[in-house]
Amino acid sequence: VDSTYTASLGKSNGSVLRSPMQYENFELRLEWKSVVSTGQGGVYFRYAGNGDLTEAAFKIQLSDDFGIPADNYCTGSLFKIAPPTVNAVGKQGTWNTLRLRVIGESVQAYINGRKVLDTKATSETIPTKGYVALDGVIGGIAYRSTLLIELPKAE
């Protein structure tokens, strides 16, 4: 989809764009930018479609946190689980790129062309197949040029 989706500037519970089908192995490419200094969102994946997204899916964090050292909560992190090697986000208002590749338990994320995450995503409560969703709950984030491709089953 080549249109732009901009989340409201304030918190809006349930503000997500969800894929029409579930994926086990996929590659997602998109552009995003923060439109306010508190802008944040991200990409949820492996969401079964019910329950609280923050507990029922994995998330790659996307934030307005330029210049902040890498940690489990910054842009490019597997949110609360694994930090990126570096926080590669651009300054507020700059379009950034995300390439997210999920095959089996393997998760790789590239921010602005830099590989920032190469880790495993495993959970006893999160399924191995689920929806992909763009997060707009906190707000102040815009997404565009989104391409989601299903990949073959992992060997």
Side-chain angles (χ1 to χ4, degrees), residues 1 5 7-8 10-34 38-66 68-89 96-155:
V1 178
Y5 163 73
S8 67
K11 187 170 182 174
S12 179
N13 290 331
S15 181
V16 296
L17 288 177
R18 190 179 84 177
S19 63
M21 60 184 268
Q22 295 188 15
Y23 296 86
E24 181 175 354
N25 302 305
F26 66 90
E27 183 166 313
L28 171 69
R29 294 176 185 226
L30 60 76
E31 295 179 347
W32 95 93
K33 70 178 177 178
S34 55
T38 57
Q40 61 178 294
V43 177
Y44 287 104
F45 61 97
R46 300 219 165 127
Y47 177 54
N50 52 17
D52 180 0
L53 264 170
T54 62
E55 301 297 325
F58 294 108
K59 180 183 181 185
I60 297 296
Q61 180 71 6
L62 303 175
S63 300
D64 177 33
D65 55 7
F66 175 79
I68 303 296
D71 64 19
N72 285 354
Y73 303 94
C74 78
T75 294
S77 68
L78 185 57
F79 195 66
K80 295 195 253 181
I81 298 170
T85 54
V86 64
N87 184 346
V89 70
N96 297 275
T97 62
L98 168 67
R99 178 176 161 222
L100 173 61
R101 193 170 172 84
V102 178
I103 300 175
E105 295 178 348
S106 175
V107 177
Q108 296 177 333
Y110 299 77
I111 304 289
N112 295 325
R114 293 180 70 178
K115 186 177 187 178
V116 299
L117 187 69
D118 191 352
T119 192
K120 301 283 186 199
T122 61
S123 170
E124 292 183 13
T125 59
I126 298 173
T128 57
K129 185 174 184 175
Y131 295 102
V132 176
L134 302 181
D135 177 16
V137 172
I138 299 299
I141 190 167
Y143 302 96
R144 72 177 186 189
S145 302
T146 305
L147 177 64
L148 178 59
I149 302 167
E150 185 170 25
L151 298 174
K153 229 173 164 49
E155 295 281 327

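Small disclaimer: the values here were computed from a predicted structure and weren't measured.
The distance from the CG atom of Leu148 to the CZ atom of Arg29 is 12.0 Å, given to the nearest 0.5 Å. Rounding to the nearest 0.5 Å places CZ of Arg46 at 15.0 Å from OH of Tyr131.
At a threshold of 4.5 Å between non-hydrogen side-chain atoms, the residues Leu147 and Leu30 do not count as touching.
Remark: the backbone N or O of Gly42 is paired with a side-chain donor or acceptor of Tyr143 at under 3.5 angstrom. When atom types are taken as modelled, the side chain of Asp65 and the backbone of Thr75 share a donor-acceptor pair closer than 3.5 angstrom. The backbone N or O of Ala88 sits less than 3.5 Å from a side-chain atom of Asn112, completing a donor-acceptor pair. Tyr23 places no side-chain N or O within 3.5 Å of a backbone atom of Glu27 that could act as its donor or acceptor partner.
Closest of all the heavy-atom pairs between Trp32 and Thr97 is CZ3-O, 3.5 Å. The shortest non-hydrogen separation linking Arg114 to Val86 is NH2-CG1, 3.6 Å. Between Pro84 and Asp71, the closest heavy-atom pair is CD-O, 3.4 Å. The two residues Ile103 and Asn25 make their nearest non-hydrogen contact at CA-OD1, 3.1 Å. Shortest non-hydrogen contact noted between Ser34 and Asp64 is OG-CB, 3.3 Å. Across all their heavy atoms, Ile141 and Gly41 have their closest contact at CD1-N, 3.7 Å.
Only one option out of Val102, Leu117, Asp118 pairs with Gln108 in a side chain to side chain contact (heavy atoms under 4.5 Å, CB included); it is Asp118.
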